[in-house]
Amino acid sequence: MEALLNLAAGFEIAISPYNLLIAAVGVFLGVIIGVLPGLGGTSGVAILLPLTFTMPPTSAIVFLSCIYWGALFGGAITSILFNIPGEPWSVAVMFDGYPMARGGRAGQALALAFIPGFLAAFIAILLFTFFAPPLAEIALRFGPPETFAILLLAFSTFTGLGRGSPMKTIASAALGFILASVGLDIVTGQPRLTFDVIILLSGFSFITASIGAFGVGEILQSAEERLEFRGAQGKVGLRDLWLTVRQTGRCIGTFITGTVLGFWIGVLPGTGATPASFMAYGLAKQYSRHPEKFGSGAPEGIISTQSAAQSAGIGALLPMVTLGIPGSPTAAVMLGGLYIWGLTPGPALFVEQKDFVWGLIASMYIGNAMGVLLCLFLVPLFAAVLRVPAPILTPLIILLSAIGAYAVKNTTLDVWLLLVFGALGYIFKKLNYPLAPFVVALVLGDMTEEALRQSLIMSGGSLTIFFTRPIAAIGVAIALVLFFLPALAPLARRLLRSARPAAAPGS
Amino acid sequence: MKRAEVLVALGLLVVALVVLSQAIHLGPGWGEDGPRAGFFPFWLAVVLGVSSLWVLVQALRAPGGAGARPFFPVGGRRLVLTVFLPMAGAIALLEVVGFYIASLIYLVIYIRLTGRQGWPLTLAVGVLFPLITFFIFERWFLILLPKGLFGERLLPF
């Protein structure tokens with residue numbers, strides 16, 4: 001009940017004319033970012049983050065989160081109409097969306113993405129509204145060992161659930177942590193790893209790193225791909241809406257599975273909408289009565305992926321507000337924003353910054369409603385963005401990135417660093433080093449180190465403190481299992497195989 | 001691809017060694033009242049060192065040669081450099097004449113030469129973008145963009 005009262009207060013903040021305007025602009029920009037294949041949601045949020053420096057924190061988070069919602073919707077437009085993913089999380093929407101659009105049913109394919117996507121987001125926000133306060137209440141009692149255990153858990157999900165090489169994942173996170181520790185030591189105040197360069201005393205900014213690694217890296221990558229947009233025309237008519245509602249009703253099981261799975265994957269630290277959409281697609285295909293139709297325009301293929309992606313986006317913000325840990329790379333950038341606006345992410349927000357938290361939650365409802373309306377009515381307009389030639393878009397995005405990097409500390413050094421991080425991001429992507437652990441480590445570096453050192457001070461230097469406190473012990477235990485999962489899984493498979501040698505004769 | 005893998009892993013290994021030496025210098029162990037400043041970097045360097053060494057060994061053992069996928073697709077290196085180098089040039093220019101003039105020059109050259117767009121479109125984008133950003137950032141959001149060494153004198157407003 002208390003949640004409803006708080007939510008009502010949140011709506012009062014979210015529907016102030018200024019915040020409504022901010023939300024609408026955010027969603028609109030978000031859809032455009034989602035539509036553009038060379039510009040991901042994470043880099044979009046990072047590039048536009050400096051615009052929020054002069055906003056009140058609540059409007060700032062409304063702006064950034066609405067960009068995220070818009071991008072979650074927008075990615076599907078490019079995937080369905082052009083067979084090119086607008087966002088990594090809309091790759092799986094392409095599998096069935098594009099065949100359907102090419103078969104002359106583009107409007108229905110779009111409606112099948114937007115409407116179930118919106119409904120999934122709505123359910124996820126309801127879950128958020130009622131789960132977040134109790135979770136924050138538990139988290140309020142956490143001490144440094146518990147915090148460290150949760151952070152360790154966050155990083156272990158990268159190696160345990162990530163798809164790339166675990167050693168490259170670990171290297172990427174370690175590099176992020178190392179860059180985070182450059183500057184003044186948080187406890188003793190000693191300069192570290194600065195090599196007597198004065199400008200390094202203030203450390204590396206995660207904004208520069210994420211705009212560079214994600215934004216500039218993506219632009220360099222799309223430069224060599226030479227994308228060409230030749231695709232279907234799409235407009236959503238009233239008939240499409242009606243067909244979609246009936247279709248969703250028929251696939252209600254797929255829809256619910258996608259939504260719940262997406263929310264859970266979103267909540268897991270570090271894994272966002274992208275893995276959620278792939279997993280939901282796989283599940284929907286596996287349990288479908290006619291899996292052979294998948295890939296040639298099956299409605300379930302679109303419904304499952306888009307509902308999982310959008311619900312994961314909402315879920316990703318849950319650990320951010322309650323624990324101070326981002327649930328996805330995009331949430332990591334927003335979390336960094338919280339520090340800049342002078343807030344400390346974590347459970348204390350629910351006590352000290354009620355307006356902020358509930359304004360954000362209320363704006364999720366509003367932002368997603370705006371997203372679905374904008375997308376349904378303005379598809380032709382957004383698709384037209386793709387007709388702007390790449391040689392015009394590329395320099396514009398680079399200049400906006402430069403503004404973003406400069407505005408962090410008002411130094412041109414950050415603009416130069418953009419080049420360095422851009423090259424790094426490009427090379428990492430080509431060699432399959434995951435970028436998310438790098439940026440998340442850079443954002444959470446200080447917090448992790450502080451939690452670890454305070455825990456060790458509490459215990460007098462003994463690591464047993466992480467195993468004698470129940471919550472910390474559970475967290476660390478799960479984290480260790482996840483860390484070693486990539487090493488253990490093949491071993492277990494081999495053991496199983498040798499136990500049943502007759503199972504695979506002749507192979 | 002193989003050479004790139006080896007080079008990146010070696011680079012990470014070098015970073016790890018540099019951080020390791022710095023961390024040892026700062027004190028990687030226990031101080032009077034807790035872990036010293038080098039404690040966290042020390043273990044990070046160890047982790048980075050071990051993981052990059054692993055990647056390095058894997059990369060060296062992988063089959064290379066003519067059949068392997070190249071790092072750049074055919075013609076890719078030139079395409080990537082036509083984005084990267086003008087960007088570096090624009091930043092260098094920004095240091096001298098400031099953001100607004102640099103972005104005008106960068107946009108016009110880039111759109112005209114690599115995009116082969118017509119003059120009207122090129123000039124429209126080149127002039128409008130700095131103007132719009134000026135009003136959005138300098139006036140509305142009060143974010144002052146770099147003026148460079150001479151920008152203040154070239155645009156006295």
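The sequence lines fix the lettering, A, B, ..., with proteins before strands; numbering per chain opens at 1. Computed over heavy atoms, backbone and side chain alike; hydrogens, waters and symmetry mates excluded.
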- [ ] Quick one: do B/Met87 and A/Leu418 satisfy side chain to side chain contact (heavy atoms under 4.5 Å, CB included)? Show the steps, please.
- [x] CA-CA 10 Å; B/Met87 180 179 169; A/Leu418 208 55; 4.1 Å; yes

- [ ] Show the numbers, then the answer: is there a side chain to side chain contact (heavy atoms under 4.5 Å, CB included) between A/Ile398 and B/Tyr110?
- [x] CA-CA 12 Å; A/Ile398 286 178; B/Tyr110 188 92; over 6 Å; no

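Proximity to chain B involves both the backbone and the side chain of A/Glu449, based on heavy atoms less than 4.5 angstrom apart. Contact annotation for A/Leu452: only side-chain heavy atoms (C-beta onward) come within less than 4.5 Å of a heavy atom of chain B. Using a 4.5 Å cut-off between heavy atoms, A/Val216 contacts chain B through its side chain alone, with no backbone atom that close. There is no contact between A/Leu424 and chain B, counting heavy-atom distances below 4.5 Å. Using a 4.5 Å cut-off between heavy atoms, B/Val19 touches chain A through backbone and side chain atoms alike. Interface residue B/Arg36: only backbone heavy atoms are found under 4.5 Å from chain A. For a residue to count as touching a neighbouring chain, one of its non-hydrogen atoms must lie under 4.5 Å from one of that chain's; by this rule A/Asn410 touches chain B with the side chain only.
Contact of the A/Phe177 side chain with the B/Phe40 side chain is registered, since non-hydrogen atoms from C-beta on lie closer than 4.5 Å. Between B/Trp54 and A/Ile170 the shortest side-chain heavy-atom distance does not fall below 4.5 Å. When side chains are defined from C-beta on, A/Phe195 counts as touching B/Gln22, because their heavy atoms get closer than 4.5 Å. A heavy-atom distance below 4.5 Å is found between the side chains of B/Pro146 and A/Thr412. With a 4.5 Å cut-off on side-chain heavy atoms, B/Val55 and A/Tyr433 count as touching. The shortest distance between side-chain heavy atoms of A/Val415 and B/Glu95 does not fall below 4.5 Å. At a threshold of 4.5 Å between non-hydrogen side-chain atoms, the residues A/Leu399 and B/Leu107 count as touching. B/Leu26 places none of its side-chain heavy atoms less than 4.5 Å from the side chain of A/Asp185.
Summarising the geometry, atom CD belonging to B/Gln58 is positioned 9.0 Å from atom CE belonging to A/Met167; distances are rounded to the nearest 0.5 Å. One finds the CG atom of A/Leu419 at 4.5 Å from the CZ atom of B/Phe84 (value rounded to the nearest 0.5 Å).
The most heavy-atom pairs under 4.5 Å with chain A, out of B/Ala9, B/Pro41, B/Gly38, B/Gly115, come from B/Pro41. Per-residue counts of heavy-atom pairs under 4.5 Å with chain A were compared for B/Ala92, B/Ala45, B/Gly11, B/Gly49; the largest is that of B/Ala92. For chain B, the option among A/Leu431, A/Thr54, A/Thr448 with the highest count of heavy-atom pairs below 4.5 Å is A/Leu431. Among A/Ala171, A/Gly445, A/Pro50, the residue with the largest count of heavy-atom pairs under 4.5 Å with chain B is A/Ala171. The most heavy-atom pairs under 4.5 Å with chain B, out of A/Leu400, A/Leu396, A/Ile427, come from A/Leu396. When each of B/Leu44, B/Val50, B/Val83, B/Ile91 is scored by its heavy-atom pairs under 4.5 Å with chain A, the top score falls to B/Ile91.
In terms of heavy atoms, B/Ala37 sits closest to A/Arg192 at O-NH1, 2.9 Å. Nearest heavy-atom pair across A/Tyr406 and B/Leu144 is CE2-O, 3.2 Å. The minimum heavy-atom distance between B/Phe39 and A/Arg453, with the atom names listed, is CD2-CG, 4.2 Å. Across every non-hydrogen atom of A/Ile457 and B/Pro35, the tightest pair is CG1-CD, 3.8 Å. Of all heavy-atom pairs between A/Pro391 and B/Ile111, the closest is O-CG1, 3.6 Å.
For CZ of A/Phe53, the number of neighbouring non-hydrogen atoms (other residues, nucleotides, ligands) closer than 6.0 Å is greater than 12. Within a 6.0 Å radius of CH2 in A/Trp341, more than 12 heavy atoms belonging to other residues, nucleotides or ligands are found.
Between A/Lys168 and B/Glu5, at least one side-chain N (NZ, or NE/NH1/NH2) sits under 4.0 Å from a carboxylate O, which counts as a salt bridge.
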Just distance, no hydrogens or angles: give the donor-acceptor pairs under 3.5 Å from side chains in residues 123-138 of chain B, sequence neighbours left out.
unit_1, atom_1, unit_2, atom_2, d
B/Thr133, OG1, B/Phe129, O, 2.8
B/Thr133, OG1, B/Pro130, O, 2.9
B/Glu138, OE1, B/Tyr100, OH, 2.4
B/Glu138, OE1, B/Leu145, N, 3.4
B/Glu138, OE2, B/Lys147, NZ, 2.5

